[in-house]
Each structure stands twice: as C-alpha cells, then as structure tokens.
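Working notes, beginning with the structure itself.
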Amino acid sequence: MPVSTAESRLVNAPPAVRQMWLAVADAHTDATRHMERLHAVKDADDYCQTLAAYFGWQDSAETLLLRFDWSPTQWDPRTLTRLDGLHQDLLDLGVSSAQQAALPRCRLPEINTLAEAVGLAMVLLGSTLGAQKMHRWVRDRLPEAPVRFFATPVRTSWRDFGAMTERALPTAQQRAAAASAAARTMHAFVSWAETWASGNVQSPIREEVKQVA
Ligand code: HEM
C-alpha cells in the first residue's frame with residue numbers, strides 16, 4: 001500500500017510504531033506484490049501451497065516471539081499468535097500434523113534482545129492489517145476453502161501494542177534497534193514470499209494434496 005496511506009493511519013501512533021513502520025514501508029510494497037501473486041489460487045492444491053508458505057513464516061516468527069520473557073512489558077505475546085487457525089486450515093485440506101511439521105521454515109534474522117523482538121512483533125501484528133484483503137482474494141476464488149488464518153483477528157489491539165512499545169522502548173537506541181529488527185524481519189518475509197510466489201519451493205505436501213483436491 002502507498003506509504004502515505006499507512007502514514008495517515010499511523011499519525012496518532014507512538015513514535016516507536018511510526019519509526020518501525022517507516023523502516024518496513026518499502027519492503028511492505030514488495031510483500032504486497034508477492035502476496036497478490038500467492039493468493040491468485042486456482043484450486044485447493046494451489047491454496048495449500050500458499051498456506052504452506054504462511055506456515056513456514058508464521059511458525060518461525062511465533063516460535064521466536066514466544067522465546068522472550070515479555071513480563072517487563074506487561075504485554076502477553078500469545079495475544080498475537082495465529083498458528084492454531086493455520087494448522088486447522090491445513091488439516092481441513094488434508095495436510096496432517098506430521099506433514100505440517102515437515103514443511104520448510106522461513107529463516108529469520110538474528111533477534112537477540114527484547115527491543116529487537118518488539119520489531120518482530122510489529123511485523124506480526126502489521127501482517128494482520130492486510131488479512132481482510134487476503135481473505136477476500138481467497139474467498140472470491142475458492143468460496144469453500146477454510147480461511148481461519150485470514151478471518152480470525154488477533155487478540156491484541158494497536159492501542160495495547162503501542163502502549164507496550166512505550167514501556168519496552170524508552171530510549172532512542174532501543175527504538176532504533178526495534179526498527180532495524182522490524183526491517184530485517186520484513187525483508188526475510190519478502191525473500192520467503194518471493195521464493196514461494198515464483199514457484200521455486202518443492203513443498204513435501206504437493207503430492208498428498210493433489211490426492212484430496
Ligand atoms: C508479513 C508482513 C506483512 C504482510 C504479508 C502484509 C500484507 C499486506 C497486504 C496484502 C495488504 C493489502 C494491500 C492492498 O490493499 O492491496 C496490506 C495492507 C496493509 N498493511 Fe500490511 N503486511 C505486512 C506487514 C505490515 C506491517 C508491519 C505494517 C505496519 C503497520 C502493515 C500495515 C498495513 C496497512 C496499514 C495496510 C492497509 C490496511 C487497510 O487498507 O485496511 N503491514 N498488508
């Protein structure tokens with residue numbers, strides 16, 4: 001989406017959130033382009049590949065997010081997790097838990113401090129803003145497809161998240177670390193999405209999915 005549109009939405013956001021958005025804005029334009037291609041699904045097989053791409057990202061990102069002790073921020077990172085819905089959508093499409101466990105995972109940047117983890121959390125929360133549109137892209141093509149992952153909102157609001165950033169990132173140095181981590185995370189997502197959108201991933205579920213499609 002155009003940077004100016006996002007900026008107008010973020011005008012009342014805390015400085016740390018605006019700084020993180022500015023750090024990811026260019027990569028976000030690329031992400032949106034790849035998502036549109038990934039969502040141009042023709043059938044259940046295609047849709048499975050799209051969900052498999054999300055799974056590799058979402059599982060890596062949530063696992064890393066939950067590795068940190070968030071108690072000093074008084075914010076619960078579990079309010080940001082969406083893997084359960086994605087797992088269930090894949091089960092509905094015939095991809096077993098064992099097959100899901102064998103899916104390739106997105107390689108994330110080094111995130112070592114809580115300030116950097118806030119940058120990762122920002123990308124996870126931001127990724128839900130486009131979810132309505134992504135939901136529509138799928139629903140218009142495959143009305144019967146399971147869409148829990150896109151349709152279920154997270155349990156944290158931007159207001160709560162913004163308040164958390166003020167507690168977690170009191171110094172300019174921490175805010176810069178968070179923005180840099182957000183940018184590196186967004187770039188990792190973009191490379192991952194680009195690989196999948198160009199069809200360059202041999203997913204282990206392809207054959208099984210063909211049988212249920
Ligand atoms: C993995 C990360 C992300 C993905 C896959 C993603 C994807 C998308 C997509 C596909 C759209 C719809 C674009 C369109 O209208 O054509 C969108 C919209 C948007 N994204 Fe992201 N995004 C991500 C991260 C972020 C981040 C970190 C932010 C930061 C705040 C953000 C802010 C927004 C906003 C404000 C919109 C507009 C929503 C609306 O019009 O209602 N996104 N995103």
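Whatever order the structure lists ligands and atoms in, that order sets their numbers, starting from 1.
Of the possible polar contacts, none joining the D160 side chain to the T156 backbone as a donor-acceptor pair under 3.5 Å is found. Counting only distance, with no hydrogens or angles, the side chain of E62 and the backbone of R82 share a donor-acceptor pair below 3.5 Å.
Looking at S127 against ligand 1, both its backbone and its side chain come within 4.0 Å, counting heavy atoms. The parts of M122 lying near ligand 1 are both backbone and side chain, judged by heavy-atom distances below 4.0 Å.
Separation of the H28 and W21 ring centroids falls under the 6.0 Å cut-off. The six-membered or imidazole ring of W70 lies near that of W75, with a centre-to-centre distance under 6.0 Å. Aromatic pair H39/Y54: ring centres closer than 6.0 Å.
Taking a cut-off of under 4.0 Å to the non-hydrogen atoms of K133, the atoms of ligand 1 that pass are 14 (C), 15 (O), 16 (O). Less than 4.0 angstrom separates some heavy atom of W21 from each of these atoms of ligand 1: 28 (C), 29 (C), 30 (C), 31 (C), 32 (C). The M186 neighbourhood of ligand 1 comprises atoms 2 (C), 3 (C), 23 (C), 24 (C), with distances under 4.0 Å to a heavy atom of that residue.
Every heavy atom of Q132 sits 4.0 Å or more from the atoms of ligand 1. The closest approach between a heavy atom of W137 and any atom of ligand 1 is below 4.0 Å. The shell of residues lying under 4.0 angstrom from ligand 1, judged by heavy atoms, includes W158.
Scanning G126, A25, A31 for the heavy atom closest to atom 24 (C) of ligand 1 points to G126.
Partners of D30 according to the salt bridge (charged side-chain N to carboxylate O under 4.0 Å, His left out) rule, which considers only residues two or more places apart in sequence or in another chain, are R33. Residues forming a ring pair (Phe, Tyr, Trp, His ring centres under 6.0 Å) with Y47 (at least two apart in sequence, or on another chain): none.
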